[in-house]
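Inspection log for the structure reproduced underneath, given as structure tokens.
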Protein chains: 2
Amino acid sequence: MDMTDTLVEARPRKRDAAATRARILAAAMDRFARLGYETASLREIAAEAGVDVALIGRYFGGKEGLFTEALKASIHPNRLRDHDRESYVRAVAENMANGPKDGESDQDGFQFLLRAATSPATAPLLNLAVQERFLGPIRDWLGGEDAEPRARVLAGVIIGFLVERLIRGKALRGREREVFIERASAILT
Amino acid sequence: MDMTDTLVEARPRKRDAAATRARILAAAMDRFARLGYETASLREIAAEAGVDVALIGRYFGGKEGLFTEALKASIHPNRLRDHDRESYVRAVAENMANGPKDGESDQDGFQFLLRAATSPATAPLLNLAVQERFLGPIRDWLGGEDAEPRARVLAGVIIGFLVERLIRGKALRGREREVFIERASAILT
DNA sequence: CGACTAAGTCAACGCACATTGACATAGCTG
DNA sequence: CAGCTATGTCAATGTGCGTTGACTTAGTCG
């Protein structure tokens, strides 16, 4: 059908390991986030990526390996250090007040996280990832005595608001929004 | 081996459909809440109930039917009204500090729902259940001005801790536990 | 050009699962 | 006691899964 490869990309490069890997990873992130670890199948993921199943084994070692990488890719380090305490708290609280729609793409990542939290097979992996990219930074940011349990509390609060926002389905408005932000800020401070 | 049935129960009543059904349902509630719909297997559930697998098919029609009934049985109204503010806050905070395993049945229903949300078919239940079991009761419990957004904040915090506990996988101990409970209580109060 | 390697393909394996139907037996009923 | 039905047992079937190993081909390098 296709005689030349000048269709979409400049040089499709028939055999490109990096591109194939990336497409598998993208498909995995999508399926895992939407379906969870056990329901999403490697065959589906491979099909969505337009790739043979065996390549997943080759590039990621197996389902767990693929999931681990997809998880890492879904949790991007937050920019804690760019904020002082007050501005960060305010930013987080406002973000929480928003609806799922107008949130950035971190929504998908968080959905991924939530699904991962509900599957026993992936819980240990998630624990590790959260430690690395979430709890650790917060703990360091807090510093001082009892940084660890205090970081856990803070992480719990933030996670909770994210879940609540995910479930809520719509943004808060007007007075309700203000009250929410005010209260949430108070808790986070 | 056993000639008489006077081992554990007074009258084991060899054939009792109602009792068998109940034991299957209890085992199902436990396994589904702990492992989620996909991971929990009918064979395990049957084994835990000390029953042949085929009976599940007979009594509940199949895995979906069993899950549906277990879900119904797991949603009971929470007992917010039994507590005054302080004792409830303390109970919730301590519950949060515990590991997923040793948690009491008070919040297990929520775990059940959260895990159920993994399965695309049962996902919409989560929103409804949170409204019913968390937001509504908390809002009424709080009462007064701005009960709605304040309830959202509180619900968010509680949900967050539950998820955090789910992720953490193990109980907090010693000083960390104390600090955690103290901080969580302060936030909830 | 010719060989070597990386990239992709194909088929098969073993496993665990839910489900089903035929069979066995306990306990009640007449 | 005889027979019937609810209750429980057993074995088999089909399906989809993740994984593995041998094979084929594209692209590159000497």
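Just so it is clear, the structure is predicted and the values come from calculations on it, not from any experiment. Each chain gets a letter, A, B and so on, in the order the sequences are listed, and its residues count up from 1.
- Look at CD1 on A:Ile24: it is 10 Å from P on C:dT9, rounded to the nearest Å.
- Closest to the A:Leu55 side chain, of the nucleotides D:dG8, C:dA6, C:dT9, is C:dT9.
- Contacts of A:Thr122 classified as side chain to side chain donor-acceptor pair (under 3.5 Å), with partners at least two apart in sequence or in another chain: none.
- In this structure, A:Leu35 atom CG and D:dC17 atom C1' are separated by 15 Å, rounded to whole Å.
- Using a distance-only test at 3.5 Å, with no hydrogens or angles considered, a donor-acceptor pair links the side chain of A:Arg115 to the main chain of A:Ala33.
- Applying the side-chain contact (heavy atoms from CB on, under 4.5 Å) criterion to B:Thr68, with sequence neighbours excluded, gives B:Lys72.
- Applying the side-chain contact (heavy atoms from CB on, under 4.5 Å) rule to A:Glu178 yields no partners; only residues at least two apart in sequence or on another chain are considered.
- Residues passing the side chain to side chain donor-acceptor pair (under 3.5 Å) test with A:Arg23, sequence neighbours excluded: none.
- Taking atom CD1 of residue A:Ile56 and atom C1' of nucleotide D:dC17, one finds them 12 Å apart after rounding to whole Å.
- In this model, the phosphate group of D:dG8 is approached by a side-chain N or O of B:Thr20 to a distance below 4.0 Å at OP1 or OP2.
- For the pair B:Arg15 CZ and C:dT25 P, the computed distance is 9 Å after rounding to whole Å.
- Secondary-structure annotation of DNA chain D gives the stems C:1-30 with D:1-30, with a stem taken as at least 3 successive Watson-Crick or G-U pairs whose two distances both fall under 3.5 Å.
- In this structure, the side-chain contact (heavy atoms from CB on, under 4.5 Å) partners of B:Asp146, at least two apart in sequence or on a different chain, are A:Arg175, A:Val179, B:Pro149, B:Arg150.
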(request) Summarise protein proximity over nucleotides 16-21 of chain C in one line of letters, 5' to 3': B for base, S for sugar-phosphate only, - for none, counting protein heavy atoms closer than 4.0 Å. (result) -BBBBB
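- Residue A:Tyr59 is classed as a sugar-phosphate contact, given heavy-atom separations below 4.0 Å to backbone atoms only.
- In terms of the side chain to side chain donor-acceptor pair (under 3.5 Å) criterion, A:Gln131 has no residue partners (sequence neighbours excluded).
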Between side-chain atoms of residues 49-67 of chain A and protein atoms elsewhere (two or more places apart, or another chain), which donor-acceptor pairs fall under 3.5 Å?
| residue | atom | partner | partner atom | Å |
| --- | --- | --- | --- | --- |
| A:Asp52 | OD1 | A:Ala54 | N | 2.8 |
| A:Lys63 | NZ | A:Tyr37 | O | 2.9 |
| A:Lys63 | NZ | A:Ala40 | O | 3.0 |

